[in-house]
There are 2 protein chains.
Amino acid sequence: MAPHLKANTADRILDVAERLVQTKGFNGFSYADISAELGVQKASLHHHFQTKAILGTTVISRHRTRFLGALAEIDAAGSDAPTKLNAYTKLYADVLRKRRMCLCGMLAADFETLPKPMRDGVVEFFAANEVWLAGVLESGRKKKTLRFAGTAAATAAFLLSSLEGAMLVARSFGGVAKFESVVRKVLTELMD
Amino acid sequence: MAPHLKANTADRILDVAERLVQTKGFNGFSYADISAELGVQKASLHHHFQTKAILGTTVISRHRTRFLGALAEIDAAGSDAPTKLNAYTKLYADVLRKRRMCLCGMLAADFETLPKPMRDGVVEFFAANEVWLAGVLESGRKKKTLRFAGTAAATAAFLLSSLEGAMLVARSFGGVAKFESVVRKVLTELMD
DNA sequence: GTCTATAGGTGGATAGAC
DNA sequence: GTCTATCCACCTATAGAC
């Protein structure tokens with residue numbers, strides 16, 4: 001709430017690290033990159049985040065907190081299910097507009113090379129997303145504002161997969177316009 | 001055609017490099033990894049592929065040739081459009097079963113860190129896939145074996161995105177079963 | 001909490017013998 | 001075509017002064 005004009009060093013490190021993970025992947029950047037960008041020595045970065053694994057884990061957990069906060073805000077608005085799904089896809093579009101990949105989508109690509117705590121964070125993020133989506137879908141089906149075959153859980157998995165894939169592909173091939181075209185196709189199936 | 005019992009060194013290097021890209025990403029492996037696995041010194045690898053960029057570019061172009069060959073085989077079978085789409089998704093499922101990501105899907109994640117020739121290869125691969133898919137979709141619509149709204153090109157982009165995303169997510173969260181569940185959902189929309 | 005300095009290892013890449 | 005040996009830049013991480 002209280003807006004600090006200058007974030008503290010740890011947060012500024014996390015900001016840069018988060019962006020670098022989302023654009024270059026966890027193995028595509030180093031402490032030296034963060035050091036150069038912030039004008040802070042590498043040793044100072046290690047003071048705040050002793051190892052890269054700890055830095056990565058912290059990036060994930062801060063991101064999950066914020067993302068779940070955004071979902072809570074969507075819920076708090078009290079809109080109907082289709083509006084909630086639109087708002088959800090807008091979260092992804094906003095990330096893509098910054099030329100970034102979904103944090104956990106990127107880390108899913110790097111998955112095999114990640115330390116265990118980061119892997120766990122990625123899986124938790126996907127699970128939380130699917131739980132939230134399934135809830136929205138189920139409520140939409142009850143109120144007849146959404147239509148879909150099969151379980152809400154399977155439809156949630158389909159939604160998450162399609163959004164992640166649309167981001168992944170669009171970042172190199174087609175851009176925001178293609179992402180939004182795919183999103184419209186996905187949502188239309190549920191809402192028409 | 002002629003089955004060599006032992007592939008030549010260059011091909012064996014490409015085999016390992018391809019698998020490492022698909023599992024760890026382009027920035028997640030080194031010449032040392034290939035060296036250890038093949039029992040060949042790093043300097044020898046550089047004799048066959050002078051730089052990592054050349055190695056990566058060669059992996060992509062060999063993969064594109066093989067993949068387009070697989071699509072040509074599907075076409076040669078002369079099946080109807082739904083059968084072709086099923087065969088196409090099976091190509092992806094087979095990769096996932098080997099616990100690998102689609103080569104170009106993985107490289108799409110690494111995109112920002114790739115040398116230009118590799119970027120071009122990734123984009124070409126996606127473009128070729130969408131062209132092929134759009135052709136199958138258009139022919140299916142003509143013969144009323146497939147139904148979809150909008151253009152064949154947009155539907156092809158949706159298909160590709162969903163398959164890439166389903167692979168990306170399923171590799172860390174849900175496995176082959178979830179991938180196939182998503183695929184069934186995607187194809188059912190077109191075939192029901 | 002930030003710095004300088006450095007350790008110890010690995011990255012991609014090359015030279016030159018065989 | 002494969003090897004040994006080596007270069008140098010960069011990596012993560014630590015020690016210790018300020």
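Proteins get letters first, then strands, A, B, ... in listed order; numbering begins at 1 in each. Just so you know, these numbers use all the heavy atoms, side chains as well, and skip hydrogens, waters and symmetry mates.
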- Query: Does a salt bridge link B:Glu189 with A:Lys185, judged by any charged N lying under 4.0 Å from a carboxylate O?
  - Reply: no
- Indicate yes or no: does A:Asp15 engage A:Arg19 in a salt bridge with an N to O separation below 4.0 Å. no
Short side-chain N/O contact to [N] OP1/OP2 from [X], under 4.0 Å:
| X | N | result |
| --- | --- | --- |
| B:Ser44 | D:dC3 | yes |
| A:Thr51 | D:dT12 | no |
| A:His47 | C:dC3 | no |

- Task: Remember a base hit wins even if backbone is also touched, and classify B:Phe49 as base, sugar-phosphate or nothing at under 4.0 Å, heavy atoms.
- Result: nothing
Separation of atom [atom1] in [X] from atom [atom2] in [N], rounded to whole Å:
| X | N | atom1 | atom2 | value |
| --- | --- | --- | --- | --- |
| A:Leu55 | D:dC11 | CG | C1' | 15 Å |
| A:Ile34 | D:dC11 | CD1 | C1' | 13 Å |
| B:Leu20 | C:dG12 | CG | P | 11 Å |
| A:Asn27 | D:dT12 | CG | P | 9 Å |
| B:Asp11 | D:dG1 | CG | P | 13 Å |
| A:Leu38 | C:dT2 | CG | P | 10 Å |
| A:Tyr31 | C:dT2 | OH | C1' | 15 Å |
| A:Gln50 | D:dT14 | CD | C1' | 9 Å |

Out of [options], which has the shortest distance to the side chain of [X]?
| X | options | answer |
| --- | --- | --- |
| B:Ala43 | D:dC11, C:dG12, D:dC3 | D:dC3 |
| B:Thr9 | D:dT2, C:dA13, C:dT2 | D:dT2 |
| A:His46 | C:dG12, D:dA13, D:dG1 | D:dA13 |

- salt bridge (charged side-chain N to carboxylate O under 4.0 Å, His left out) between B:Lys98 and B:Asp94, worked out: CA-CA 7 Å; B:Lys98 292 190 282 186; B:Asp94 289 343; over 6 Å; no
- For the pair B:Tyr31 and B:His46, name the ring-plane relationship: parallel under 30°, tilted 30 to 60°, perpendicular over 60°. parallel
- Do B:Asp80 and B:Thr83 meet the criterion of a side-chain donor-acceptor pair at a distance under 3.5 Å?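 Result is yes, a qualifying pair exists.
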